[in-house]
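Just so you know, these numbers come straight off a predicted model, no measurement behind them.
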Amino acid sequence: MEPGSVENLCVVYRSHDFLVVNKHWDVRIDSKAWRETLTLQKQLRHRFPELADPDTCYGFRCAGMGHRFCHQLDFSTSGALCVALNKAAAGSAYRCFKDRRVTKAYLALVRGHIQESRVTISYAIGKNSTEGRTHTMCIEGTQGCENPKPSLTELVVLEHGLYGGDPVSKVLLQPLTGRTHQLRVHCSALGHPIVGDLTYGQASSREDQPFRMMLHAFYLRVPTCTERVEACTPDPFVPALDACWSPHTLLQPLDTLVQVLQAAPDPGPTEGGAGPCSPSAPLPGPGQPPLPPAKPPETEAQRASCLQWLSEWTLEPDN
């Protein structure tokens with residue numbers, strides 16, 4: 001794959017209020033370091049000079065809430081990233097994220113052949129306090145795991161194949177909560193770390209071969225009060241783009257899951273404006289119809305705790 005450059009920003013959705021861009025795998029969103037050679041900020045300023053604001057510290061207009069971007073992606077994660085172009089749009093998108101009305105799905109290559117067609121991963125995730133690992137996350141029950149919080153990810157296996165001769169599965173991941181590094185931690189805890197993940201990969205994995213971490217934000221839907229921001233980015237994990245990836249068994253067509261994602265109704269806010277604390281409906285397994293959203297009864301204590309998690313979730317980076 002060609003590396004990112006200031007000229008090759010890919011826009012997959014544009015309206016008066018929002019942009020959705022396909023972030024490159026080797027580009028940071030922004031940086032306070034003046035020597036950072038390339039950031040998404042600089043790409044946006046180059047592509048849309050009319051949006052530039054020289055009075056801001058980054059040279060690109062802040063869109064309210066103290067943020068230009070509606071959410072975040074790790075430096076090594078590629079894919080769909082939503083940008084609000086004005087304060088009202090930013091506030092509307094913020095409420096969608098806060099109320100858990102946003103639908104996200106990721107593609108990944110993970111180590112090993114996962115035998116189940118679908119897996120629900122529910123390990124609680126907390127911060128790692130172990131010396132030398134304080135910048136990472138870990139699952140409940142491991143040494144040094146502080147303040148673990150409930151976390152839920154749905155995994156659907158798409159293909160089995162080989163990456164550089166090693167067994168690998170291509171999967172679709174749907175995070176139903178938004179913990180820091182959630183998908184990377186959950187895949188690692190399952191025993192199938194993401195190919196190229198040097199932080200959470202197994203020590204025995206041959207991670208010197210991949211040129212990037214194989215995690216891509218594939219689908220994004222943000223149903224704001226004024227418009228439904230929806231974008232599906234191109235699949236980067238195909239042999240035509242990476243000769244090391246050689247799929248040999250198709251388990252679930254990606255197009256089928258895209259249709260399910262696009263047809264799923266937008267989750268609405270609960271009475272009183274607070275967001276639903278139960279996760280939105282996950283993707284169905286092969287041959288299964290879409291599942292209705294689950295709405296288990298909640299106690300006042302559970303509701304208060306959930307609202308606290310949601311307020312923190314909007315401030316934490318995506319995978």
Side-chain angles (χ1 to χ4, degrees), residues 20 23 29 65-67 69-84 90-108 120-128 135-140 145-155 171-190 194 197 199-200 215-224 229-231 261 264 266-267 269-270 274-283 293-294 302-319:
V20 177
K23 188 186 87 68
I29 293 177
M65 317 302 264
H67 303 286
F69 303 104
C70 301
H71 55 118
Q72 299 183 51
L73 292 176
D74 284 349
F75 164 67
S76 50
T77 302
S78 60
L81 184 70
C82 184
V83 184
S92 182
Y94 170 83
R95 286 187 290 273
C96 285
F97 278 92
K98 181 177 182 294
D99 293 345
R100 275 196 189 168
R101 300 178 61 203
V102 175
T103 301
K104 294 183 285 185
Y106 292 71
L107 291 172
T120 298
I121 313 172
S122 57
Y123 298 107
I125 295 176
K127 293 184 178 180
N128 196 336
H135 67 292
T136 66
M137 310 298 287
C138 54
I139 62 169
E140 187 175 19
C145 188
E146 292 186 346
N147 193 25
K149 300 175 183 178
S151 308
L152 192 63
T153 299
E154 288 290 338
L155 180 153
V171 299
L172 188 83
L173 299 165
Q174 188 179 15
L176 302 182
T177 51
R179 311 299 173 210
T180 300
H181 296 174
Q182 176 176 318
L183 301 181
R184 299 165 63 184
V185 172
H186 269 176
C187 287
S188 179
L190 194 64
I194 295 173
D197 189 346
T199 300
Y200 299 102
L215 180 62
H216 175 77
F218 175 65
Y219 176 84
L220 177 69
R221 185 170 78 227
V222 186
T224 72
V229 179
E230 185 177 35
L261 286 167
D266 296 326
T270 58
C277 288
S278 57
S280 57
L283 289 167
Q302 288 173 328
R303 179 175 177 79
S305 178
C306 183
L307 292 175
Q308 176 63 29
W309 295 337
L310 290 175
S311 66
E312 295 174 0
W313 176 60
T314 60
L315 301 177
E316 293 176 346
D318 284 355
N319 294 275

>> According to side-chain hydrogen bond (donor to acceptor under 3.5 Å, both in side chains), who are the partners of Tyr123, at least two apart in sequence or on a separate chain?
In response: none

> At their closest point, which heavy atom of Thr177 faces which heavy atom of Pro150, and how far apart are they?
Replying inline: CG2-O, 4.0 Å

>> Once rounded to the nearest 0.5 Å, what's the spacing between atom NE2 of His186 and atom CG of Leu155?
In response: 11.0 Å

>> Do Val20 and Val229 have side chains that approach each other closer than 4.5 Å (heavy atoms only, starting at C-beta)?
In response: yes

> Nearest 0.5 Å, what's the CD1-SG distance between Ile125 and Cys138?
Replying inline: 9.0 Å

>> Run the side chain to side chain contact (heavy atoms under 4.5 Å, CB included) test on Val185 and Tyr200 for me, step by step, so that the C-alpha distance in whole Å, both residues' side-chain angles and the decisive distance to 0.1 Å come before the verdict.
In response: CA-CA 7 Å; Val185 172; Tyr200 299 102; 3.6 Å; yes

>> As an exercise, state the distance from CG of Leu220 to CG of Leu81, rounded to the nearest 0.5 Å.
In response: 8.5 Å

> Distance from Gln182 atom CD to Leu176 atom CG, nearest 0.5 Å?
Replying inline: 8.0 Å

> Hey, does Leu173 have a side-chain heavy atom less than 4.5 Å from the side chain of Cys187?
Replying inline: yes

> With a 4.5 Å limit on heavy-atom distance, are the side chains of Lys104 and Gln174 in contact?
Replying inline: no

> Are any of the side-chain heavy atoms of Pro175 and Leu183 separated by less than 4.5 Å?
Replying inline: yes

> Any sub-3.5 Å donor-acceptor pair from Thr224's side-chain atoms to Ser92's backbone N or O?
Replying inline: no

> How far does OG1 of Thr77 sit from CD1 of Ile194, to the nearest 0.5 angstrom?
Replying inline: 7.5 Å

> Which atom names give the shortest non-hydrogen contact between Phe218 and Leu172, and what distance separates them?
Replying inline: CD2-CD1, 4.1 Å

>> For a side chain to side chain contact (heavy atoms under 4.5 Å, CB included) check, start with the C-alpha distance between Ser188 and Asp197, then their side-chain angles and the critical distance, and finish with the verdict.
In response: CA-CA 9 Å; Ser188 179; Asp197 189 346; over 6 Å; no

> For His181 and Asp74, what are the C-alpha separation, side-chain angles and deciding distance, and is it a side chain to side chain contact (heavy atoms under 4.5 Å, CB included)?
Replying inline: CA-CA 8 Å; His181 296 174; Asp74 284 349; 3.3 Å; yes

> Would you say the side-chain atoms of Arg221 pair up with the backbone N or O of Ala264, donor to acceptor, closer than 3.5 Å?
Replying inline: yes

> What pair of heavy atoms forms the shortest contact from His216 to Ser78, and how long is it?
Replying inline: ND1-OG, 2.7 Å

>> Rounded to the nearest 0.5 Å, what separates atom OG1 in Thr180 from atom CD in Gln72?
In response: 8.5 Å

>> Between Lys23 and Phe75 (side chain of the first, backbone of the second, donor and acceptor by atom type, cut-off under 3.5 Å), is there such a pair?
In response: yes

>> Quick one, Val222 and Cys70 - any side-chain contact, counting heavy atoms below 4.5 Å?
In response: no

> Taking the side chain as C-beta and beyond, is there a heavy-atom pair between Leu73 and Tyr106 under 4.5 Å?
Replying inline: yes

